[in-house]
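Naming: A, B, ... by sequence-line order, numbering from 1 per chain.
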There are 2 protein chains.
Amino acid sequence: MDFEPMGVAADLIILTVRDGSLQVLLIRRGIAPYKGRWALPGGFVRPAEDLETAARRELAEETGLGSDRIHLEQVATYGQPGRDPRGRVVSVAYLALVPDLPTPVAGSDAASASWVGVADVLGDPKRLAFDHHRILTDAVERARAKLEYSPLATAFCADEFTISELRGVYEAVWGQALDPRNFHRKVTKTEGFVTPTGATTTRDGGRPAQLFQRGTATTLHPPLTRA
Amino acid sequence: MDFEPMGVAADLIILTVRDGSLQVLLIRRGIAPYKGRWALPGGFVRPAEDLETAARRELAEETGLGSDRIHLEQVATYGQPGRDPRGRVVSVAYLALVPDLPTPVAGSDAASASWVGVADVLGDPKRLAFDHHRILTDAVERARAKLEYSPLATAFCADEFTISELRGVYEAVWGQALDPRNFHRKVTKTEGFVTPTGATTTRDGGRPAQLFQRGTATTLHPPLTRA
DNA sequence: CCAAAAGTGTTGGGGCTACACCCATGC
DNA sequence: GCATGGGTGTAGCCCCAACACTTTTGG
């Protein structure tokens, strides 16, 4: 075997919807390089550890969540020579979608981790360390695209949610208002997207709304459409 | 920096359409492990080399094509401990789509490289070395999905092609017959999918067919649909 | 002339957008 | 009662699958 050894890291793009906007969990770097700049959480993959296991471990460290039920998927791998000034590091990016957490960034080991609006970060290419702006761009586009043809938006919701809360997720991620009536019909008619629990809530005001859980579908036929 | 060094490889899934079926380029391994078994072509990323550059280099070695004009995209990264018995190797998989090459597997350095029907290989999970069956499965599904919403099918065609040749690509990749008349209308009406060259050919028999080139679109609105 | 493939026209049905309208709650 | 959001009905439009039909070649 004749290869140059490299560092392999798992970096996380942890997205949530809070206060009607899409937000990403960032940490402020305490050490060089890029000391004081914002960065995506992440760390090196351990010798006997699977890539996804490493990503779940980092996720648990950052959010304090036993992360089995959190949606996590690989996005892409970034390996430009020079992307990390300390040496040759290849980074595998994982996208995590989490519900609005009651405890904001609990057991985090990073001194300062916080939720930041995605629109703000994407608007300033110099805000993030390394090539993390590029990674975030790719991950957010992946999330936006997947809302169209998968039931993934439910990953942003609590166990039980109303249709209008689900619509709020779409509106935050896509940055676009949707017709509440047509959205309601489309979601409830699509086989396996959501299943009613029988309960209702008035937490959104107005007439009581039915509560739903995630369904069993993995793809949406037909898809929802942006713009 | 406190990390365990790992080998990073770029593996290739090179697909083409020949004789009406989707085929993949495989090499027969001359050395252990998995000696004598079929495998995807690939190799280690060099110290100062970008991941995609490594993939293009391997592609050129296997196909003999100056590969600038070949479609190449990253699919996913595989890093299970134990996936390579020789040590910890993380493999970044790249999907390449090539036209039916006049010279079958020219400048290949591997003793025996050949085109194999994808359906055959996918039907037998033990045919390929390492976790390459899994990698191939993922890459083929990616290709099938992308034909729906991108003009990527043209990557399988020569510089000039007829609509029915393009339809043949769809039928081979999706394993499904399409209506020639509706397909023709859909493709030619979709802005930027194909542009007519003005020339015609009778190489497919029957009435002369117009020749087309790839257009400039990157996504198809509306998409073509399977099943 | 006939076979074969290219390409156009047409029609009926399904789904979707846009909006009118009614329902059930809190205050 | 009135504001607020939940949910249903429906009309018109567009798209699209299905298929009849015409065109242009080779043999």
Side-chain angles (χ1 to χ4, degrees), chain A residues 19-20 147-149 153-154 157-158 160-172 174 176-213 217 219-227, chain B residues 20 147-149 153 157-158 160-172 174 176-213 217 219-227:
Chain A
D19 309 323
L147 289 213
E148 293 195 36
Y149 58 88
T154 58
C157 297
E160 298 200 331
F161 51 88
T162 67
I163 299 295
S164 74
E165 285 161 4
L166 184 62
R167 177 166 47 85
V169 168
Y170 274 90
E171 294 180 332
W174 286 352
Q176 168 186 149
L178 299 172
D179 184 299
R181 298 154 294 186
N182 292 335
F183 182 85
H184 183 281
R185 203 186 337 247
K186 209 152 175 176
V187 167
T188 52
K189 299 275 199 242
T190 300
E191 195 77 20
F193 193 171
V194 296
T195 55
T197 65
T200 62
T201 181
T202 58
R203 64 186 177 220
D204 299 329
R207 169 176 167 179
Q210 286 180 259
L211 283 166
F212 293 83
Q213 295 175 322
T219 48
L220 265 29
H221 298 291
L224 282 79
T225 46
R226 293 183 261 185
Chain B
L147 290 212
E148 294 195 35
Y149 57 86
C157 297
E160 298 201 330
F161 51 89
T162 67
I163 299 295
S164 74
E165 286 161 3
L166 184 62
R167 178 167 46 85
V169 167
Y170 274 89
E171 293 180 331
W174 285 352
Q176 169 186 147
L178 300 172
D179 184 299
R181 298 154 294 185
N182 291 336
F183 183 85
H184 184 282
R185 202 186 338 246
K186 210 152 174 173
V187 167
T188 51
K189 300 276 197 238
T190 301
E191 194 77 20
F193 194 171
V194 295
T195 55
T197 65
T200 62
T201 181
T202 57
R203 65 185 176 222
D204 299 330
R207 169 176 169 180
Q210 287 179 259
L211 283 166
F212 293 84
Q213 295 175 322
T219 47
L220 265 27
H221 298 293
L224 282 79
T225 47
R226 295 184 260 185

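Place B/G206 and A/G205 on DNA chain D by their nearest nucleotides, and A/G205 ends up nearer the 5' end. Judged by closest nucleotide on DNA chain D, B/P223 is the one of B/P223 and B/P208 placed further toward the 5' end.
From B/H184, atom NE2 reaches atom CG of B/D179 across 12.0 Å, with rounding to the nearest 0.5 Å.
Distance NZ (B/K186) to C1' (D/dC14): 13 Å, rounded to an integer number of Å. If you take CD of B/E165 and P of C/dA5, they are 13 Å apart, rounded to a whole angstrom. Atoms CG (A/L211) and P (D/dG6) sit 12 Å apart, rounded to a whole Å. Distance, A/F212 CZ to D/dG7 C1': 10 Å, rounded to whole Å. The interatomic distance linking A/E191 (CD) with C/dG15 (P) rounds to 13 Å, in whole Å. Rounded to whole Å, the distance from CG on A/L178 to P on C/dT17 is 10 Å. In this entry the distance linking CD of B/E148 with P of D/dC16 reads 13 Å, nearest Å. With rounding to whole Å, B/N182 atom CG is found 12 Å from D/dA20 atom C1'.
Considering every non-hydrogen atom in both A/A153 and A/Y170, the closest pair reads CB-CE1, 3.4 Å. A pairwise comparison of heavy atoms in A/L220 and A/L224 identifies CD2-CD1, 3.7 Å as the closest pair.
Remark: the A/R185 side chain and the D/dG9 base include a donor-acceptor N/O pair separated by less than 3.5 Å. For a distance-only test at 3.5 Å, the side chain of B/R207 qualifies as a donor-acceptor partner of the base of C/dA6. For C/dA6, its base never sits under 3.5 Å from the side chain of B/D204 at any donor and acceptor pair.
In this model, the phosphate group of D/dG7 is approached by a side-chain N or O of A/Q210 to a distance below 4.0 Å at OP1 or OP2. Close to D/dG6, at under 4.0 Å from its OP1 or OP2, lies a side-chain N or O of A/R167. Contact annotation: B/H184 does not reach the phosphate of C/dA6 (side-chain N/O to OP1 or OP2, under 4.0 Å). Look at A/R181 and you won't find any side-chain N or O under 4.0 angstrom from OP1 or OP2 of D/dT10.
The shortest side-chain heavy-atom distance between A/Q213 and A/E160 falls under the 4.5 Å cut-off. You'll find the side chain of B/L211 stays beyond 4.5 Å of the side chain of B/T200, heavy atoms only.
B/P180 comes within contact range of no nucleotide atom at all, as no heavy-atom separation falls under 4.0 Å. If you check every strand for non-hydrogen atoms under 4.0 Å, B/S164 touches sugar and phosphate atoms only.
Out of C/dC19, C/dT25, C/dG7, the shortest distance to the side chain of A/D179 is found at C/dC19.
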